[in-house]
Amino acid sequence: MPFEDKVYGSIAELVGSTPLVELHGLERELGLGARVLAKLEYFNPSGSVKDRIALGMIEGAEAAGTLHPGDTILDFTSGNTGISFAAICNARGYRFVSVIQPGVSEERSQILKTYGAELLQFSDIPGVPELMANEGLVFEKFFALLKAYADAHGYVYLNQGVSLDNPLSHYRTTGPEIWRATGGNVDGLVALVGTAGTLVGTGKYLREQNPDLLLVGAQPALESRKDPAHPERNTIDGVVPFVGVPQGRMPLYLDRMNVHPDEVLDLDADEAYAMGRTLTRTDGIFLGQSAAAAVLAAAKLAQRPEMAGKTIVAICADNAFKYLSTNIYR
Ligand SMILES: Cc1ncc(COP(=O)(O)O)c(C=O)c1O
């Protein structure tokens, strides 16, 4: 949708309809036999793919009658969902409280505070420090503690980890946009995973259109995961491993919507960072960590002989500006 054709009522109307750009420079540089298309989600109004689900969950709760003007929304977010909620809440007359993960980049918490969101650490939620110490981030128990906290404070807990409006936002918007933009010519889709809403929702839609679609999830390789014993390690911010993790820490939508990737690629964070730097030069695109990782995974697929002549879409969740304090562009 060309933005210049009308006056918009609020930033909420600018969510979605992001551009799909062919990475001609990268294709040339690596001699790729397949087309690699980047879905540039940083064109969303608060700068990431998460605007889609924040709006989808808010509108879902409004329609269900569980969210009313002036209410305060609470969610747990590594940053991007929080920023999306904070922005869209301000545009729509809600307040937002974000429970953030330890180690979230300085830029992310600064942006949240600037929007006026209240930030809560794990130590602010009764029961969470004990859960983390004894069992770790077991989703079911963690979500129950957040729900109790939200109820006690009169907040509306819109949980991106369990709300079907998360994957359905992608099923209704991201998938159809990719299908339309390519004229129905998509052979592969790559996404990294936090809640798995993007992979599951977009993947489900595109698989329904093209049952031969190669649906690929990517995750940080073992040596690129957070490890207190190796604080020097580079990781891929905002996303998690989802294969080979304990059952209680599996993103829920894969089983719930019965959408599983055909393949999962383990990615080295340093290689993803290098791809981010390459893309600035080859295509003039300045991506965030998980976005650069998605392009890296797509490029790996595009190098396979059987993918010659095919079209692979990489979901690029955000751009680089929130990661300038991290090692990717240092
Ligand atoms: C930077 C970034 N990339 C990718 C994702 C993955 O998105 P999803 O939660 O839809 O799996 C997230 C959020 O979780 C994110 O913050």
Side-chain angles (χ1 to χ4, degrees), residues 16 18 38-42 44 46-57 75-86 98-101 103-105 107-109 111-112 137 139 158-175 189-205 215-220 235-243 245 249-254 256-257 259-261 264 267 269 272-273 276 286-298 314-324 326 328:
T18 57
K39 180 74 167 157
L40 298 181
E41 288 298 303
Y42 62 81
N44 279 299
S46 90
S48 88
V49 67
K50 294 295 189 170
D51 284 354
R52 295 178 188 268
I53 69 156
L55 182 63
M57 289 192 288
D75 200 4
F76 165 60
T77 145
S78 63
N80 274 334
T81 303
I83 292 166
S84 296
F85 265 132
S98 187
V99 178
I100 61 167
Q101 214 161 9
V104 165
S105 79
E107 292 89 340
R108 291 187 187 203
S109 38
I111 294 167
L112 281 168
L137 193 56
F139 287 144
L158 295 184
N159 182 348
Q160 65 164 329
V162 299
S163 166
L164 281 179
D165 287 319
N166 171 352
L168 288 179
S169 297
H170 293 289
Y171 181 81
R172 293 183 187 125
T173 68
T174 320
L189 176 76
V190 181
L192 279 90
V193 166
T195 65
T198 309
L199 180 79
V200 165
T202 313
K204 179 173 165 60
Y205 180 86
L215 181 61
V216 176
Q219 62 181 8
T235 58
I236 305 175
D237 242 33
V239 297
V240 295
F242 65 102
V243 169
V245 297
R249 285 182 235 173
M250 278 280 292
L252 301 175
Y253 300 121
L254 299 146
R256 229 171 128 198
M257 295 190 58
V259 176
H260 297 272
V264 177
L267 300 178
Y273 290 10
F286 195 30
L287 291 178
Q289 293 184 5
S290 78
V295 173
L296 173 65
I315 306 282
C316 297
D318 62 8
N319 67 8
F321 296 107
K322 289 189 290 277
Y323 304 91
L324 293 177
T326 73
I328 182 168

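Remember, it's a predicted structure, so these values are computed and weren't measured experimentally. Order of listing sets the numbers, starting from 1, for every ligand and every atom in it.
- Heavy-atom separations between F242 and ligand 1 are all 4.0 Å or longer.
- In terms of the ring pair (Phe, Tyr, Trp, His ring centres under 6.0 Å) criterion, Y253 has no residue partners (sequence neighbours excluded).
- Here the closest heavy-atom approach between residue N44 and residue V49 is recorded as ND2-CA, 3.9 Å.
- When heavy-atom distances to ligand 1 are checked against a 4.0 Å cut-off, T195 comes that close through both its backbone and its side chain.
- Residue-ligand proximity, A196 to ligand 1, at heavy-atom distances under 4.0 Å covers atoms 8 (P), 9 (O), 11 (O).
- Using a 4.0 Å cut-off to heavy atoms of Y323, the atoms of ligand 1 that qualify are 1 (C).
- Residue N80 approaches ligand 1 through these ligand atoms, each under 4.0 Å from one of its heavy atoms: 1 (C), 2 (C), 15 (C), 16 (O).
- Within the structure, ligand 1 has V193 among the residues with a heavy atom less than 4.0 angstrom away.
- Residue-ligand proximity, S290 to ligand 1, at heavy-atom distances under 4.0 Å covers atoms 1 (C), 2 (C), 3 (N), 4 (C).
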Would R108 and I100 count as a side chain to side chain contact (heavy atoms under 4.5 Å, CB included) if you check the C-alpha gap in whole Å, the side-chain angles of each, and the deciding distance to 0.1 Å? CA-CA 10 Å; R108 291 187 187 203; I100 61 167; over 6 Å; no
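- A side-chain N or O of T18 and one of R52 form a donor-acceptor pair less than 3.5 Å apart.
- Distance check: K39 NZ to T198 OG1 gives 12.0 Å after rounding to the nearest 0.5 Å.
- Under the 4.0 angstrom criterion for non-hydrogen atoms, G288 is not in contact with ligand 1.
- In the model, Q160 has a side-chain atom that pairs as donor or acceptor with a side-chain atom of T81 under 3.5 Å.
- The parts of T198 lying near ligand 1 are both backbone and side chain, judged by heavy-atom distances below 4.0 Å.
- Shown in contact with K50 at under 4.0 Å from a heavy atom are these atoms of ligand 1, numbered in order with element: 7 (O), 8 (P), 9 (O), 10 (O), 12 (C), 13 (C), 14 (O).
- The shortest heavy-atom contact between S169 and I53 is OG-CA, 3.8 Å.
- The A317 neighbourhood of ligand 1 comprises atoms 2 (C), 3 (N), 4 (C), with distances under 4.0 Å to a heavy atom of that residue.
- Closest non-hydrogen pair, I315 versus A191, comes out as CG1-CB, 4.2 Å.
- Taking a cut-off of under 4.0 Å to the non-hydrogen atoms of D318, the atoms of ligand 1 that pass are 1 (C).
- Near V239, the atoms of ligand 1 lying under 4.0 angstrom from a non-hydrogen atom of the residue are 3 (N), 4 (C), 5 (C).
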